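Fair warning: this is a prediction, and the values are worked out from it, not measured in the lab.
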Amino acid sequence: MSFKQRTHTCGELRTSHIGNYITLNGWIDRVRDLGGVLFIDMRDRYGKTQIVFNPQKCSSEVYELAKELRSEFVVSVSGNVEKRPEGTENSDLPTGEIDVIISSLEILNRSLTPPFSISEEDGTNEETRLKYRYLDLRRDAVQKNLLMRHKMYQVTRNYFSENNFIEVETPVLMKSTPEGARDYLVPSRVHHGKFYALPQSPQTYKQILMVAGFDRYFQIVKCFRDEDLRADRQPEFTQIDVEISFPDEELVYKIVEGCMTRLYKEVLNVEIPSPFPRMSYHDAMEKYGSDKPDLRFDLQLTNVTDVVKDSPFRLFAENVAKGGAVAGMKISNGNEIGRNQIDGYTDFMKKLGAGGLIWGRVVGDKIESPTEKHITQEYFQKIAKKMNCVDGDLILLASGSWINTFSWLGTLRLEIARKRNLIPASAGWDETQMKFLWVTEFPMFEFNEEEKRFVAMHHPFTSPSMEDVHFLDSEPNKARARAYDLVLNGNEIAGGSIRIHSSELQSKVFSLLGIGEEEAKRKFGFMLDAFKYGAPPHGGIAFGFDRIAMLMSGSKSIRDVIAFPKTTSAMSLMDEAPSEVDEKQLKELHIRVI
RNA sequence: GGGGUCGUAGCUCAGUUUGGUUAGAGCACCUGCCUGUCACGCAGGGGGUCGCGAGUUCGAGUCUCGUCGACCCCGCCA
């Protein structure tokens, strides 16, 4: 098909172009047929321009053809740019001072009536939008997000390149690793019964690159995890993967802060203050009940274990005696919260697995509570004092193991914040609402109840703090890791660690994780071997690129910043992946569906 | 694996509480009229497996059970 190449885009014509004969290629956005004259908004990714078919200014053939135009037809039009008549300018459009009076029209393609409007935001449900993703992607909001994402790639590559990092691609078909998330597996045709795994992250490769002397590596890379999805979790997602030789934590922080600052400045023209504040994992848990606290609102927690350890309330005393924790959340002016709502919070806690929720109101200098006769006024007063309560506050208390008590309250904290509208409307571009935080001093290990063993909290290559190394032999649960997460408004947007670079220490950590010598050799032998040939101290971090894009665009889900996302059941509604395959394909792969 | 919200016209939704005539509205679509609109306007028209399947009932969009799908959360996500 031959058609006239465009001379301009639909976003660029101004009064300076008046008098020019121009050609536009694009889509029909909206048709306004006034009986005589026909006004049409024409759209491409650069903007919209009003084109005009006037039967007195074009041939009757062109005019008759123009009357066939409908939304989403693809056309090539040519005509003269003219100034709009006095009083008919449209100040909402950058091109609103001119019209293009069309003399030539070619319909390049017709369109069915689209299932939802491209030009109008009508709240079409996500299911429909994902099925017709090619139409959804025409919408202005989605185009803006992907354009912003493109800028993020550019800024990221420039920033790391300028700082001596080199981009290296690592394999997508790799060895399955036993730790961490469930792997996506790819069967090997050549090797019967053997499988590749898609990378959960290029972790081992980037460490090997450090051994190889590349010194500073980065990659914008897809990672895959076969776990259940969330608004901020897709089975395949993008990381900015970074590794540095001869680092300490301060160097990593500095490089990351530099990257975030550049991204916000160059993509959104927002100055974010740095360095970012820091908080230990322990403090984050005890103050906010989360290892990724949202600091945009208060509602802090207080550990009252010491206060209640010898209280007459047996639930508390016994829990403390067996090593548990009791903690409280203070809701300032919470007296307006009715009994119904508190009962709702109690149900919420029970669904999380908590025994319940104990509460009291500060009224004058008394605490009023249905549990008062058990806890006693005396101990309630002590609790209130520890929590710095004043008249009108509502106290919510939970009791259980340390991790559960604070996690439950942390989850409740977010729920209450949502219910009470304490979280500012998502404004990813407002620097006063950007609460960055480094969370540091994570434990090396956490105990997995299901498997009855320690698992690495970050990953098995994370170095313990030098001062905690001695705990590895005595009390591994007390050892802290040289790991760090970057948190923004309650979202984990980057996480990393200083790695182990000694073959011996790495073997010891593997054994603590229940990975025997034999298994370690089989799964990670190449890495342990590599460490025997002069591995430099190294460490790094990986950014959740989609999450950063989500926050910077003010989106509620990473699906809004991914061109072709999957649903919460990991389906792609447009192309219907995953799908069944031919028997022939299975045979070649030596696989049978059972 | 568990909890919750939702599913009615192409799209957004009302109707479901308390079962009862032919299931409605706006937008979109089609036809006609209309020469300065920009959410054009006016008149008329077409369009429904009430997600799907059982059950209760004289009668089910409405009640019950099951099931499928989307979304949110817990578990899970080194």
Problem set entry | Side-chain N or O of Arg32(A) closer than 4.0 Å to phosphate OP1/OP2 of U35(B) | no

Exercise. Is Ser569(A) near enough to A70(B) that one of its side-chain N or O atoms lies under 4.0 angstrom from OP1 or OP2?
Worked result: yes

Exercise. Counting any heavy atom closer than 4.0 Å, what does Glu86(A) reach on the DNA or RNA strands: base, sugar-phosphate only, or nothing?
Worked result: nothing

Exercise. Has Phe471(A) got more than 12 heavy atoms of other residues, nucleotides or ligands less than 6.0 Å from its CZ?
Worked result: yes

Problem set entry | Side-chain donor/acceptor of Asp99(A) to base of G36(B), under 3.5 Å | yes

Exercise. With respect to Arg499(A), which candidate in His459(A), Gln506(A), His538(A) satisfies the side chain to side chain donor-acceptor pair (under 3.5 Å) definition?
Worked result: His459(A)

Exercise. Does U22(B) have a Watson-Crick or wobble mate here (both distances under 3.5 Å), and if so which one?
Worked result: none

For this session: Looking at every strand, decide which applies to Gln56(A) at a 4.0 Å heavy-atom threshold: base, sugar-phosphate, or nothing.
Result: base

For this session: Determine the Euclidean distance between corresponding C1' atoms of C6(B) and G44(B); express it in Å to zero decimal places.
Result: 36 Å

Exercise. Which nucleotide, G69(B), U37(B), C72(B), lies nearest any side-chain atom of Glu127(A)?
Worked result: G69(B)

Problem set entry | A70(B) and G51(B), which share atom name C1', separated by this distance in whole Å | 11 Å

Exercise. Distance from Ile558(A) atom CD1 to Phe237(A) atom CZ, nearest 0.5 Å?
Worked result: 8.5 Å

Exercise. Is C65(B) paired to anything, Watson-Crick or G-U wobble with both distances less than 3.5 Å, and if yes, which nucleotide?
Worked result: G53(B)

Problem set entry | Backbone of Ser111(A) reached by a side-chain donor or acceptor of Arg70(A) within 3.5 Å | no

For this session: For Leu352(A), answer base if it contacts any base atom (sugar-phosphate contacts may also be present), sugar-phosphate if it contacts only those atoms, and nothing otherwise; contact means non-hydrogen atoms under 4.0 Å.
Result: sugar-phosphate

For this session: Please measure how far the C1' atom in C11(B) lies from the corresponding atom in C29(B), and state the result in whole Å.
Result: 11 Å

Problem set entry | C1'-based separation of A23(B) from A39(B) [nearest Å] | 28 Å

For this session: Determine the Euclidean distance between corresponding C1' atoms of U37(B) and G45(B); express it in Å to zero decimal places.
Result: 25 Å

Seminar exercise, completed: Checking A70(B), U35(B), C77(B) against the side chain of Arg225(A) (C-beta onward), the nearest is C77(B)

Exercise. Under 4.0 angstrom, heavy atoms only, what part of the nucleic acid is Asp92(A) near: base, sugar-phosphate, or nothing?
Worked result: nothing

For this session: To the nearest Å, give me how far apart CD (Glu82(A)) and P (G36(B)) are.
Result: 16 Å

For this session: Rounded to whole angstrom, note down the P distance from U22(B) over to A28(B).
Result: 31 Å

For this session: Confirm from the modelled atom types if Arg84(A) and C38(B) form a donor-acceptor pair under 3.5 Å, side chain to base only.
Result: yes

For this session: Measure from the side-chain N and O atoms of Gln200(A) to the backbone N and O of Ala181(A), and report whether any donor-acceptor pair falls under 3.5 Å.
Result: yes

Problem set entry | Thr568(A), nearest nucleotide to its side chain (from C72(B), G36(B), C77(B)) | C72(B)

Exercise. Is Arg230(A) touching bases, backbone alone, or none of the nucleic acid, heavy atoms closer than 4.0 Å?
Worked result: base

Problem set entry | Base-pairing assignment for C29(B) (Watson-Crick or G-U wobble, both under 3.5 Å) | G45(B)

Exercise. Does Glu127(A) offer a backbone N or O that forms a donor-acceptor pair with the side chain of Asn125(A) under 3.5 Å?
Worked result: yes

For this session: Using the side-chain contact (heavy atoms from CB on, under 4.5 Å) rule, take Thr177(A) and Lys523(A) through it: C-alpha gap first, then chi angles, then the decisive distance, then the call.
Result: CA-CA 7 Å; Thr177(A) 51; Lys523(A) 307 278 186 179; over 6 Å; no

Exercise. Heavy atoms under 4.0 Å, any strand shown: does Arg559(A) hit a base, just sugar-phosphate, or nothing?
Worked result: sugar-phosphate

Exercise. Can you tell me how far C1' in U8(B) sits from the matching atom in G15(B), rounded to whole Å?
Worked result: 9 Å

Exercise. Within a radius of less than 6.0 Å around NZ of Lys566(A), do more than 12 heavy atoms belonging to other residues, nucleotides or ligands occur?
Worked result: yes

Exercise. Out of G75(B), A70(B), C30(B), which has the shortest distance to the side chain of Arg233(A)?
Worked result: G75(B)

For this session: Would you kindly check whether a donor in the side chain of Asn90(A) faces an acceptor in the base of C38(B), or vice versa, at under 3.5 angstrom?
Result: yes

For this session: Determine yes or no for a side-chain-to-main-chain donor-acceptor pair under 3.5 angstrom, with Gln143(A) supplying the side chain and Leu137(A) the backbone.
Result: yes

For this session: Compare the minimum distances between each of G36(B), C34(B), A39(B) and the side chain of Arg30(A), then state the nucleotide with the smallest one.
Result: A39(B)

For this session: Provide the distance between the two C1' atoms, one in G32(B) and one in U18(B), to the nearest whole Å.
Result: 46 Å

Problem set entry | Letter per nucleotide, 5' to 3', of nucleotides 2-13 of chain B [B base touched, S only sugar-phosphate touched, - untouched; heavy atoms, 4.0 Å] | -S------SSS-

Exercise. Whom does U35(B) pair with, Watson-Crick or G-U wobble, provided both distances fall under 3.5 Å?
Worked result: none

